[in-house]
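Throughout, numbering of the chain's residues begins at 1 and tracks the sequence.
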Amino acid sequence: MERWIYLDNAATTPLDPRVLEEMMPWLTERFGNASSHHHAYGWEAEEAVETARARVAALLGAPARSLVFTSGATESNNLALKGAFGAYRSKGNHLIVSRIEHKAVLDVCAALEDQGAEVTRLPVDRFGRVDPESVREAIRDTTILVSIMHANNEIGTIQDLAAIGRICKERGVVLHTDAAQSVGKIQFDADALGVDLVSISGHKIYGPKGVGALWIRRRAPRVALLPQIDGGGHEHGFRSGTLNVPGIVGFGRAAEICARERETEAERIRALRDRLQAGIESGLEEVDRNGAPDARLPGNLNLSFGYVEGESLLMGLNGIAVSTGSACTSASLEPSHVLQAIGRRAERAQSSIRFSLGRFNTEGEIDETVRRVVSTVRRLRELSPLYEMMQEEAGSGGGDPANR
Ligand SMILES: *Cc1c(COP(=O)(O)O)cnc(C)c1O
């Protein structure tokens, strides 16, 4: 494969070489089962797991003993929602989520509806923000869980979780957050945010794929969850199965690097993102930004390009790895559920591109991307009769903004 410029860090991040180095012995000579309590192979594996647990929990500002390792944020979300639904059946069956949650929350909700759950899906404003007061209004006596993601994977919007947390606390409702995109990238403190369940993923923070965690508040309140994987009673019975020691060690090292480097890295990535944004916006007209102006992940830039066709745009950007705003099912030009929820009209949504920047991106890559995006969009627009009409109308002073 020729080297593509990688601007899809919200989908997955490359493994940091420092993480790989720390994982290597645990893939080779230190192969013990962390549950083998009768010999040194097991002891050293268990110790490595506990070191990793402390490192990951520290990144959440939370006590380590209530962190459960899973296979990733998808599994963590499943355990949080299905686990709470199973454990709190006697209290109620009502869940509250937002319309812009990751599929790993929305699809779980749909599955739970088949088992008798009632689900409220809260709308968001044009920036993708949930109004905390709408959470308050949606809470019923039968509400057992609120699940609102911390930062959105498509448009990068960061929610006011602290306000939502205060409301949930007042009403005695458990608050889960899918923080796969935010932890390690922006400040996160489980107590300050008032969250009770937190899902995170290793491969979004330069760790390995196939490992993640669910943090479960064990005091004030003590959150109960019905396990979804039984057998062996690992992880305090919350998640059975032999621990993925190399993956967990790598996740721990990745978390430790993020904790130390997060602030300077965020500043660097934000500057690159702003450079990309300014370069594209100064080179092209009719570009809309999706997401919140300020409360947005430092590495996220989601743009809708008017008067170009999404497929042609992607083809023109061959060699630059990005994501689009249309639902991933290749045949459909349906805008993603997130772009729909912020009110993006279909023809603009289908020509939306998500650029997500990360640790290993360089200024040179950003400048090359600006050149490629600007020249591709200009070339496509030269072929577009609609764009020509718009320019003529604008030239005669009669451009109708409603048509843009
Ligand atoms: C990537 C992602 C997930 C899924 O995480 P996996 O570890 O790949 O299962 C869930 N939620 C959000 C917001 C994500 O960005």
Side-chain angles (χ1 to χ4, degrees), residues 9 11-60 62-83 102 104 108 176 178-181 183-184 197-216 218 225-259 359:
N9 288 276
T12 192
T13 54
L15 193 72
D16 190 302
R18 295 169 288 183
V19 172
L20 178 63
E21 191 186 313
E22 188 141 336
M23 289 171 68
M24 282 308 280
W26 303 97
L27 288 158
T28 50
E29 71 266 24
R30 311 178 92 173
F31 54 80
N33 184 326
S35 313
S36 297
H37 294 306
H38 301 294
H39 52 69
Y41 291 92
W43 301 331
E44 68 173 8
E46 187 184 16
E47 194 184 324
V49 165
E50 292 318 312
T51 301
R53 200 185 305 279
R55 286 170 153 183
V56 175
L59 195 59
L60 304 177
R65 64 194 146 69
S66 44
L67 189 98
V68 169
F69 286 114
T70 65
S71 65
T74 299
E75 188 190 326
S76 300
N77 288 344
N78 272 264
L79 177 54
L81 274 74
K82 292 177 181 169
H102 192 273
V108 174
H176 167 252
D178 178 348
Q181 290 290 337
V183 162
L197 294 164
V198 183
S199 297
I200 52 175
S201 175
H203 73 97
K204 302 290 175 79
I205 62 165
Y206 312 93
K209 292 171 182 59
V211 63
L214 180 67
W215 182 76
I216 307 166
R218 305 292 283 147
L225 294 178
L226 185 72
Q228 301 299 305
I229 301 181
D230 296 306
H234 306 76
E235 299 292 90
H236 299 290
F238 281 114
R239 203 276 191 178
S240 288
T242 300
L243 293 179
N244 170 7
V245 178
I248 289 168
V249 166
F251 189 18
R253 175 70 164 132
E256 185 266 333
I257 294 169
C258 284
R359 180 173 292 166

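Every residue two or more places apart in sequence or in another chain that forms a side chain to side chain contact (heavy atoms under 4.5 Å, CB included) with S35 is listed here: N33, H234. Residues satisfying the side chain to side chain contact (heavy atoms under 4.5 Å, CB included) criterion with R218, sequence neighbours excluded, are R65, S66, I216, R222, F238. Under the side chain to side chain donor-acceptor pair (under 3.5 Å) criterion, T70 pairs with S76, sequence neighbours left out. Among residues two or more places apart in sequence or in another chain, the side chain to side chain donor-acceptor pair (under 3.5 Å) test is passed with E22 by R55, R253. A search for side chain to side chain donor-acceptor pair (under 3.5 Å) contacts involving N244 returns nothing, not counting sequence neighbours. A search for side chain to side chain contact (heavy atoms under 4.5 Å, CB included) contacts involving I229 returns E75, R239, not counting sequence neighbours. For E21, there are no side chain to side chain donor-acceptor pair (under 3.5 Å) partners at least two apart in sequence or on another chain. In this structure Y41 satisfies the ring-ring contact (aromatic ring centres under 6.0 Å, His included) test together with F31, H39, sequence neighbours excluded. Legend: residues meeting salt bridge (Lys or Arg N to Asp or Glu O under 4.0 Å) with E50, ordered by chain and number and at least two apart, are R53. Residues meeting the side chain to side chain contact (heavy atoms under 4.5 Å, CB included) test with A52, sequence neighbours left out: F69, I248.
Distance check: L15 CG to Y206 OH gives 12.0 Å after rounding to the nearest 0.5 Å. Taken from CG in L226 to CG in L79, the straight-line distance is 9.0 Å, to the nearest 0.5 Å. Once rounded to the nearest 0.5 Å, the distance linking CH2 of W43 with OG of S36 reads 11.0 Å. D178 contributes atom CG, which lies 12.0 Å from atom CG of L197 (distance to the nearest 0.5 angstrom). Considering CD1 of I200 and CH2 of W215, their distance stands at 11.5 Å, rounded to 0.5 Å.
Here the shortest heavy-atom pairing between A54 and A64 reads CA-CB, 3.8 Å. Of all heavy-atom pairs between N78 and A104, the closest is ND2-O, 4.3 Å. Closest approach of P227 and G237 over heavy atoms only: CG-O, 3.2 Å. Listed here is the closest heavy atom pair of V19 and P208: CG1-CD, 4.2 Å. Between G247 and V211 the shortest heavy-atom distance is O-CG1, 3.5 Å. Residue H203 comes nearest to A11 through the heavy atom pair CE1-O, 3.4 Å, listed as atom of the first residue, atom of the second, then distance.
Residues L81 and H176 meet the side-chain proximity criterion, which asks for heavy atoms closer than 4.5 Å. For the pair K82/V108, a side-chain contact is recorded, criterion being any heavy-atom separation below 4.5 Å from C-beta on. Two residues are said to be in side-chain contact when any heavy atoms from C-beta on lie closer than 4.5 Å; E235 and L243 meet this criterion. Contact annotation: the side chain of L225 never approaches that of V68 to less than 4.5 Å [non-hydrogen atoms, C-beta and beyond].
The only member of D16, N9, I205 that meets side chain to side chain contact (heavy atoms under 4.5 Å, CB included) when paired with R359 is D16.
Listed by first and then second residue, the salt bridge (Lys or Arg N to Asp or Glu O under 4.0 Å) pairs that reach into residues 40-49 are R30-E44, sequence neighbours excluded.
A donor-acceptor pair is defined here as one N or O able to donate and one able to accept, closer than 3.5 Å; such a pair exists between the side chain of S240 and the backbone of G233.
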